[in-house]
Amino acid sequence: MYSCAVSTVHVLLGLLASRPRHGYELKREHDTRFPAAKPLPYGQVYATLGRLERDGLVLVDGTEQDSGPERTRYAITERGAHALGRWLAQVEEPAPYLGGTMQTKIVLALLTRRSAEPYLRAQREAHLTRMRELTARKSDPGAPMADVLAADYAILHLDADLRWMETTMNRLNDLRAEVGA
Amino acid sequence: MSAQDQPLIEARTIEKAFRATQALRGVSVAIGPGEVVAITGPSGSGKSTLLHCLAGILRPDSGEVRYAGRRIDTLDETERTLLRREHFGILFQFGGLVPELAAAENVALPLLLARHGREESMTAARSWLERLGVAECAGLRPGEMSAGQLQRVAVARALVTRPRVLFADEPTGALDTVSGEEVLALLLYAAREQGSTLVLVTHDNQIAAYADGEIFLRDGRAASEEGARSGVRP
Ligand SMILES: Nc1ncnc2c1ncn2[C@@H]1O[C@H](COP(=O)(O)OP(=O)(O)OP(=O)(O)O)[C@@H](O)[C@H]1O
Ligand SMILES: [Mg+2]
């Protein structure tokens, strides 16, 4: 049910995994940690928290009130943590422009004190499997040139993803220090 | 490799250090007959070291290496040289041809070393050069050929004994993508045609995608979760 690409659901669960937070804090955390993503509208944060609460993935942990309005603080439940763990480990369908999703998974994995390497290795394998299929297709002597060109295009993009994953593996320690986990 | 196949090459938790450098930290591998496997990973991750251990060039410090069910890491230098000469073909990034010999003589060399007759060896060498599209280079010395031609000659030399296993370390490393893929295609075609197993070190993902399976190394390990696990899955 929550298996789509970069989903607000999992981002919020990931941010709640380290400690309970209220909606405003979640929005701020999201926007600073994922500057390449579009800023999260408040409305979407509250709507998503509502759905997560309904499904038992988060619960209300208390309310806070300073000078301003009352704020509801949310905490992740065991079910929520489980759903997050599954999503973080789940390999993405190899396709162009996955950068955002992969990066989000890696940052959230480190933030929640997991190792990002098993995910990266599994994702590498999925990409290489796809590249093998495309390579076999274009190596077929009877393949029409149009198919060969399409396969070349997809292969070069998958290769770019793979190289990004390799670079990222070498940067995991620095990234871990930066996310403060 | 399917479960019922007996692996042709098998390594179990091999470790290898060069003084202070731990190059392999418990790598396990199983490669089936006729399989084409790529060993990949960043520079310094242990790819060449693993290839050399599998090919009986280096002896691991611990763990086992088996070829056709037989331990080869316990063999002495002479026995391993004989094994390599009879069963393995080995191909390096920069050809490794003898500079004083013409291409055809370079290709004939492994046959001559295995005590085949000169005429027969030269004929076989010429027909391999022809198959690899470099017949016109037969009389040229390595210094007189382009990188692409050199590598084709080196492929011919590695295949001329019809080895059961061909070990190649960055065989296309000195070539651009197009001629690299051409040489690789020839190598794969020849290997598949004669049922040779091919173990190929490469840092190029597009080359690795020609193989049936991958052993991805990082810091001398084939997988991060555990020290010992097959890098190749069915
Ligand atoms: N003969 C040797 N003496 C000392 N150290 C060595 C020797 N051979 C390899 N090493 C070291 O062992 C490690 C693994 O080396 P190896 O050559 O297997 O890596 P590689 O993955 O093949 O790298 P590359 O992609 O650069 O060829 C490196 O740290 C290397 O410096
Ligand atoms: Mg090497």
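Side-chain atoms are counted along with the backbone in the values below, which use heavy atoms only and exclude waters and symmetry mates.
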Using non-hydrogen atoms and a limit below 4.5 Å, what part of residues 180-202 of chain B faces chain A? B:E181
Within 6.0 angstrom of B:E130 CD, more than 12 heavy atoms from elsewhere: no
Please classify the contact between A:R130 and chain B as side chain, backbone, both or neither, with a heavy-atom cut-off of under 4.5 Å. neither
Heavy-atom count around A:Q103 CD within 6.0 Å, excluding the residue itself: above 12? no
Return yes when atom OH of A:Y153 has more than 12 non-hydrogen atoms of other residues, nucleotides or ligands closer than 6.0 Å, and no otherwise. no
Side-chain heavy-atom pair A:L156, B:Q206 within 4.5 angstrom cut-off: yes
Within residues 161-175 of chain A, which residues come under 4.5 Å of chain B, heavy atom to heavy atom? A:L162, A:R163, A:E166, A:M169, A:N170
For A:S139, is it the side chain, the backbone, both, or neither that has a heavy atom closer than 4.5 Å to a heavy atom of chain B? side chain
Report the distance from atom CG of B:N205 to atom CD1 of A:I155, rounding to the nearest 0.5 Å. 11.5 Å
Going from CD on A:E117 to CZ on B:R218, what distance comes out if it is rounded to the nearest 0.5 angstrom? 5.0 Å
